[in-house]
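The structure appears right after this line, and notes come after that.
So that the names make sense, note that chain A is the first sequence line, chain B the second, and so on, each numbered from 1.
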Number of protein chains: 2
Amino acid sequence: MAKRNGSSTLSENVTKKLRSDILAGQYEPGSPLTVSELAKGFDVSVAVVREALTRLATQGLVLQNPNYGFSVKTASEEELNNIIQARSLNESEALRLSIAHGDLTWESNVIALHHKLSQTPEFKESNQKLAVREEWSCIHRQFHYELIAACPNPVLLDICRRLWDLSEFYRHYSPPQQQVRDGRAEHKALTDAVLGRDSDRAVEIFKAHIRLTADILFDNR
Amino acid sequence: MAKRNGSSTLSENVTKKLRSDILAGQYEPGSPLTVSELAKGFDVSVAVVREALTRLATQGLVLQNPNYGFSVKTASEEELNNIIQARSLNESEALRLSIAHGDLTWESNVIALHHKLSQTPEFKESNQKLAVREEWSCIHRQFHYELIAACPNPVLLDICRRLWDLSEFYRHYSPPQQQVRDGRAEHKALTDAVLGRDSDRAVEIFKAHIRLTADILFDNR
DNA sequence: TATATTTACAAAATCGATTCTTATATATAT
DNA sequence: ATATATATAAGAATCGATTTTGTAAATATA
């Protein structure tokens with residue numbers, strides 16, 4: 001850090017790094033984020049870190065208690081359900097609109113990303129336990145985002161993006177998955193429905209897909 | 001400003017003031033928000049204003065161009081339509097959930113706020129033109145928020161709150177209304193449907209209500 | 001004249017230091 | 001023993017100054 005490259009700002013860079021660190025599970029949920037410590041770690045001033053934390057707090061990934069400082073967002077099954085419900089609502093609608101408006105280029109991108117996703121391993125063996133690979137995580141996100149990318153409503157897309165971040169948070173922090181389901185089949189079916197312009201079916205599959213994700217995370221049966 | 005009261009922070013206060021100023025139409029859409037000027041105006045340091053602007057930028061009321069500064073959000077008919085679409089989706093769902101979960105206290109609050117709203121004049125004559133009264137604006141907001149207050153999903157409610165701010169922005173900045181419709185009848189019908197626990201009807205009225213609001217603002221026929 | 005380079009300036013971004021808050025520990029009083 | 005008051009230290013919030021960036025005017029170059 002400490003040096004600016006091109007036209008970006010330190011605040012922007014620190015915000016991105018901090019966000020991806022939090023989403024990648026670098027910090028425990030609820031653990032304090034001390035401004036001065038982070039500033040030392042990133043080798044920037046407190047103002048920069050403060051601005052980054054303020055951004056993340058407004059987005060809900062970080063909590064802010066006035067005069068008490070910042071902490072990583074906490075996790076609860078109840079909140080995950082609420083996030084899934086909101087995502088289900090907004091991403092389904094975005095998906096419908098995307099299917100209705102997508103052109104050939106969009107179709108091609110969906111196919112390309114589905115292929116990429118299907119060829120990328122989801123887990124890695126590290127220290128006896130399964131860990132989600134960051135690369136897969138990234139492609140998975142791109143795939144889901146591409147599905148709704150043709151939605152012509154940026155306001156809706158922005159909501160979807162933020163809700164995605166919130167669910168992504170849970171993917172890394174929750175108790176380790178008991179079962180490993182085959183997401184590949186679901187992604188394939190979803191892609192087929194989308195390319196076949198079958199909105200109802202695509203939405204149906206999508207809703208089941210994210211519902212199941214939540215269930216597995218907290219091991220509901 | 002310059003002095004802190006109780007447990008709140010300067011940043012919080014400035015954020016609130018700035019937000020309500022923007023929503024009340026104090027600044028032109030797209031006009032620059034110079035940090036140092038605002039700091040002088042509020043009698044605080046630049047850091048405080050910067051933090052406030054960062055928050056508002058993350059919420060979409062302010063635009064931020066890296067190394068170029070902040071400006072008030074711009075307004076377009078297209079964006080208003082997108083906001084209305086997102087609001088329609090989220091607030092309708094929140095309304096359904098609220099109607100399904102609301103208890104007696106909630107019912108009473110809805111009745112109380114509807115009464116208050118119905119007894120408050122919407123416009124005031126100032127310099128030949130109609131201006132929205134801030135007091136009405138505030139009660140109107142409270143009324144709509146109370147309708148969905150019993151929704152048990154805070155994530156959804158937060159989305160609704162933000163989208164409300166974005167539409168509120170348009171209420172003050174758009175070209176002056178040609179026609180003055182009677183919102184009272186609509187609010188009455190909406191309240192009746194809600195208290196009668198008729199979700200479908202309530203949502204139907206609500207959607208028409210906000211659709212009409214957008215149409216009038218940009219004078220669509 | 002048109003284009004490129006330099007300079008000057010205003011405002012943004014960043015910094016390091018100072019002032020406030022809160023929580024904890026210690027002391028004093030009931 | 002419990003409650004209240006005081007001291008202290010860690011960290012948040014704020015400040016004013018410094019550095020960097022982008023814009024526009026001025027100058028130089030083709």
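Of the two residues contacting DNA chain D, namely A:A47 and A:G69, the nearest-nucleotide position lying further toward the 5' end is that of A:G69. Heavy-atom distances to DNA chain C give each of A:Y68 and A:S45 a nearest nucleotide, and the one nearer the 5′ end belongs to A:S45.
Counting to the nearest Å, the P atom of D:dT14 and the CG atom of B:D43 are 13 Å from each other. When rounded to the nearest whole Å, the span between CG of B:L10 and P of C:dT19 equals 15 Å. If you take CD of B:E12 and C1' of D:dT14, they are 14 Å apart, rounded to a whole angstrom. B:N65 has its CG atom 16 Å from the P atom of C:dA11, to the nearest Å. One atom, CD of B:E51, and another, P of D:dA12, lie 12 Å apart when rounded to the nearest Å. Rounded to whole angstrom, the span from the CG atom of A:L33 across to the P atom of D:dA12 amounts to 9 Å.
With A:S108 contributing its side chain and A:L104 its backbone, the two residues share a donor-acceptor pair below 3.5 Å. Under the 3.5 Å distance criterion, the side-chain polar atoms of A:T34 are left unmatched by any main-chain donor or acceptor of A:E37. The backbone N or O of A:E28 sits less than 3.5 Å from a side-chain atom of A:S31, completing a donor-acceptor pair. Judged by distance alone, the side chain of B:Y145 and the main-chain N or O of B:C160 form no donor-acceptor pair under 3.5 Å.
Taking only side-chain nitrogens and oxygens, A:S11 comes nearer than 4.0 Å to OP1 or OP2 of C:dT14. Put simply, B:N67 has no side-chain N or O that comes within less than 4.0 Å of OP1 or OP2 on C:dA12.
Of the nucleotides present, D:dA1 is the one that pairs with C:dT30 by Watson-Crick or G-U wobble criteria, both distances under 3.5 Å.
A cation-pi arrangement is found for A:K73 relative to A:F169, the charged atom lying closer than 6.0 Å to the ring centre and inside a 45° cone about the ring normal.
For the pair A:V48/A:S45, a side-chain contact is recorded, criterion being any heavy-atom separation below 4.5 Å from C-beta on.
Residues satisfying the ring-ring contact (aromatic ring centres under 6.0 Å, His included) test with B:W106, not counting sequence neighbours, are none.
Contact check of residues 34-41 of chain B against DNA chain C (heavy atom, cut-off under 4.0 Å) returns B:T34, B:V35.
Set against C:dC15, D:dA17, C:dA17, the side chain of B:V46 has D:dA17 as its closest nucleotide.
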